[in-house]
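Presented below is the structure to which this report refers.
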Amino acid sequence: MSIQVLSDQLASQIAAGEVVERPSSVVKELVENAIDARAATINIDVREGGRKLVQVADDGEGIRAVDLELAFLRHATSKLQTAAELTAIRTLGFRGEALAAIAAVSQVTVVSRAAGETAGTRLVLDGGVKSSRDTVGAPQGTVIAVENLFFNTPARLKFLKSITTEKRLIDEFVTRYALAYPAIRFRLVHDNRITFQSSGNGSLRDVLVAVYGPETARQLLPINDRVTGRQGDTVIGAEDENPVTPSPAHPVTVSGFVGPPSLHWSNRSHITLFVNGRWIKDNSLTYAVIQAYHTLLPTGRYPLGILFITLPPLEVDVNVHPAKTEVRFRPRNAVFGAVQRAVRHTLVADAPVRSMGAWAAGGDQTSPGWTGQLNHSAFARRGESSQDQLELHWPAPAAETNIAGPETAVLPTTNLGGDKLPIMRIVGQVGASYIITEGPDGLFLIDQHAAHERILYEQFMAARERDTIVSQRLVAGTAVHLPPPQAALLEGNLERLAAIGFQIEPFGPNAFMVRAVPAILAQLDPARAVRAVVEDLEQGDIPLQEEIEAKIILRVCKSAAVKAGQTLSLPEMEAMVRQLESCQSPHTCPHGRPTLIHLSAAQLAREFGRM
Ligand code: ADP
Ligand code: MG
């Protein structure tokens, strides 16, 4: 076939695909145009989730009659003239693509009257081709009606989600922009029913109430916008080793609202980011917000945040993709750090959190939320003495535990007395690391990681004894590459690993394919789990053959156990303590560290001078 230049219409349809993915993209582009035109009121009318109609009416500057056809040409824009301007975009639009793209895949009617003109002009286009133009009476501003989206691209039409999904995406989008522009009055109508409106009085609080309802809106915490990227402290968490370079050249400010830790959702969609007034999607900044809640939220739950990030337009590149929802930052780390700090500071300043003391300064690694005002030395003393004289003379727990009893488990660790634990009541969790419980005589502090290791170890050993270790097949298999000495070590132990649930096959020189892992590791990265096992085997003297398996099992349990720093829900703590109660050797982890510290009623009384 000879090479040919695509027809204009075909080229437009292809290009349209990147800008107009679905009805909500039409809403986005039209609303952004209205905002760029300095509208005070934007009315959005939608029928059938936008498949039938998306109409956006604004009272902005309008499009001059002489420009109306031009506006629908590709790469035609009033917002950009020189290449230099491209490096410092201040408007939401600049590529001059949206109207052309939308028109190429729908039937468009536009009525616009620019300031200073006496009448409006109406233009009708069908698949991007002009079908009529006339003069009509109209108020200043622009109304664009987009009908029958994708009528001429049936393949795209097929990919649209249900009407409910499209409606939801449009709702999300319009409410986001209403939050970012509280001075603009928005009204959204689905199938003749008003589903959202904002007053346009300039108060973000009022829009928050309109979006989230008064109950939630009342709880949101305003971000303290004194916090800027100019401060030079370190970023918490992910980029610990990466101090934010303090630089007056990169002023980043963050404002908006975040939810208190008590408000959380099952996904990230409630984290909304704006950069210089533009809604963006950015996984790394979303993560910065989540990271700021580290240890404050239950696992698998996500916070609410509406963040407005401002920085000089020169520092942001919005010309990454036609949809303009991705941006690149020049001071990447500074932005990440500013977001995380702003959120963290806001949370710390919130009253109930402040009582945690020097928390924001960052405690030790194992218990990030906990530096505590309790007397550590007193605890240490208790800890030591209680190890020697744990006097646990309460009745053994009821026999109705549902954990498969590790009747035959061989436990190589020293068993401190072998006493079972009493039935305990959960009081709570401190520092996302320790569970506090109350027993018949005083209180217990349980190290959640050590305790869980113990539980998993005994369950695992019991299963091993009965030959019922459950293995989890990986859907795709994971390749692991190891340095030659480690590869040899792993190769020599494949059978042993198979006995406890790892199915690993050699896969080329120094490479292995992990096909299955013990079920308790199902949630973890299989490659990392295998590496950790090999590293353990490498350490110390060559272990005796019989010891190798024990060593691997220890590592498996350690990897699978909850870590310090993980917030546990009450049912999770309940389950853990019940299982610990039913362990044969509940007092130590399989490495011999204590799992719990007991403070007897007598000790407490003594400590408080009651005796
Ligand atoms: P861009 O927004 O990138 O410039 P568009 O294709 O979205 O490209 O719009 C093309 C041009 O049409 C804009 O530059 C602007 O001059 C004009 N325009 C579009 N929508 C409106 C509107 N609602 N009010 C005033 N002018 C508009
Ligand atoms: Mg535009």
Side-chain angles (χ1 to χ4, degrees), residues 8 11-13 15-21 24-45 54-83 85-106 108-117 120-125 128 130 133 138-146 149 173-174 177 180-181 184-187 276-280 313 317-327:
D8 254 6
S12 311
Q13 276 188 12
E18 293 191 286
V19 183
V20 189
E21 202 190 335
S24 61
S25 355
V26 174
V27 174
K28 171 180 182 294
E29 294 299 336
L30 298 184
V31 167
E32 289 189 349
N33 279 347
I35 294 171
D36 280 345
R38 291 184 243 268
T41 304
I42 302 177
N43 291 334
I44 302 121
D45 272 277
V54 171
Q55 177 179 299
V56 175
D58 69 59
D59 58 357
E61 290 161 349
I63 307 172
R64 292 187 307 159
V66 289
D67 286 343
L68 203 53
E69 275 91 350
L70 258 184
F72 287 87
L73 289 186
R74 241 184 326 148
H75 312 305
T77 177
S78 58
K79 302 170 192 174
L80 183 68
Q81 279 169 0
T82 65
E85 286 169 357
L86 187 57
T87 59
I89 299 290
R90 288 169 197 279
T91 47
L92 296 173
F94 60 92
R95 299 175 57 109
E97 281 177 330
L99 290 187
I102 291 167
V105 292
S106 68
V108 170
T109 306
V110 54
V111 176
S112 192
R113 179 159 77 94
E117 290 184 332
T121 307
R122 178 168 55 194
L123 181 68
V124 182
L125 300 117
K130 177 161 112 179
R133 176 190 164 113
Q140 184 189 322
T142 305
V143 183
I144 299 187
V146 176
L149 186 65
F173 181 77
V174 173
Y177 265 82
Y181 294 88
I184 298 179
R185 183 165 49 204
F186 284 86
R187 195 189 67 194
N276 293 347
R278 175 195 310 279
W279 170 63
I280 60 148
D317 182 3
V318 290
N319 193 19
V320 178
H321 184 271
K324 299 167 289 180
T325 51
E326 278 168 55
V327 297

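We count ligands from 1, going down the list as the structure has it; atoms in each ligand are counted the same way. No experiment lies behind these values; they were computed from the predicted model shown.
- Polar contact check, Thr77 against ligand 1: a nitrogen or oxygen pair lies under 3.5 Å apart.
- Scanning Gly96, Gly141, Ala76 for the heavy atom closest to atom 10 (C) of ligand 1 points to Ala76.
- The backbone N or O of Ile63 sits less than 3.5 Å from a side-chain atom of Ser112, completing a donor-acceptor pair.
- Between Phe94 and ligand 1, at least one N/O pair is under 3.5 Å apart.
- With a 4.5 Å cut-off on side-chain heavy atoms, Ile144 and Leu99 count as touching.
- For ligand 1, one of its N or O atoms has an N or O atom of Arg95 under 3.5 Å away.
- At a 3.5 angstrom cut-off on N or O pairs, Asn33 counts as close to ligand 1.
- The shortest non-hydrogen separation linking Asp317 to Val320 is O-CG2, 3.6 Å.
- Atoms of ligand 1 lying under 4.0 Å from at least one heavy atom of Glu97, given by number and element, are 6 (O), 8 (O).
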Step-by-step side-chain hydrogen bond (donor to acceptor under 3.5 Å, both in side chains) determination, Lys79 to Asn33: CA-CA 10 Å; Lys79 302 170 192 174; Asn33 279 347; 3.2 Å; yes
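- Side-chain atoms of Gln55 never come within 3.5 Å of backbone atoms of Val146 as a donor-acceptor pair (strictly under, hydrogens ignored).
- Electrostatic pairing of Arg74 and Glu97 does not count as a salt bridge here, judged by no charged N lying under 4.0 Å from a carboxylate O.
- Nearest to atom 18 (N) of ligand 1 among the protein's heavy atoms is Ile63 CD1, 3.7 Å.
- Distance NZ/Lys324 to CD1/Ile280: 14.5 Å, rounded to 0.5 Å.
- In summary, Thr77 places no N/O/S atom under 2.8 Å from the Mg ion (ligand 2), failing the contact criterion.
- Scanning the protein heavy atoms around atom 15 (C) of ligand 1, the nearest turns out to be Ser78 OG, 3.4 Å.
- Taking every heavy atom of Gly93 and a limit of under 4.0 angstrom, the matching atoms of ligand 1 come to 2 (O), 3 (O).
- Shortest contact from atom 6 (O) of ligand 1 to any protein heavy atom: Leu99 N, 2.9 Å.
- Asp58 OD2, 2.8 Å is the protein heavy atom nearest to atom 23 (N) of ligand 1.
- Counting protein heavy atoms only, atom 12 (O) of ligand 1 is closest to Ala71 CB, 3.5 Å.
- Here Arg64 contributes atom CZ and Ser78 contributes atom OG; the two are 9.5 Å apart, rounded to the nearest 0.5 Å.
- Atom 2 (O) of ligand 1 has as its closest protein heavy atom Lys79 NZ, 2.7 Å.
- Of all the atoms in ligand 1, the ones that sit under 4.0 Å from a non-hydrogen atom of Ala37 are 24 (N), 25 (C).
- The backbone N or O of Ala40 lies less than 3.5 Å from a partner atom in the side chain of Asp59, making a donor-acceptor pair.
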Steps toward salt bridge (charged side-chain N to carboxylate O under 4.0 Å, His left out) verdict (Glu85, Arg90): CA-CA 9 Å; Glu85 286 169 357; Arg90 288 169 197 279; over 6 Å; no
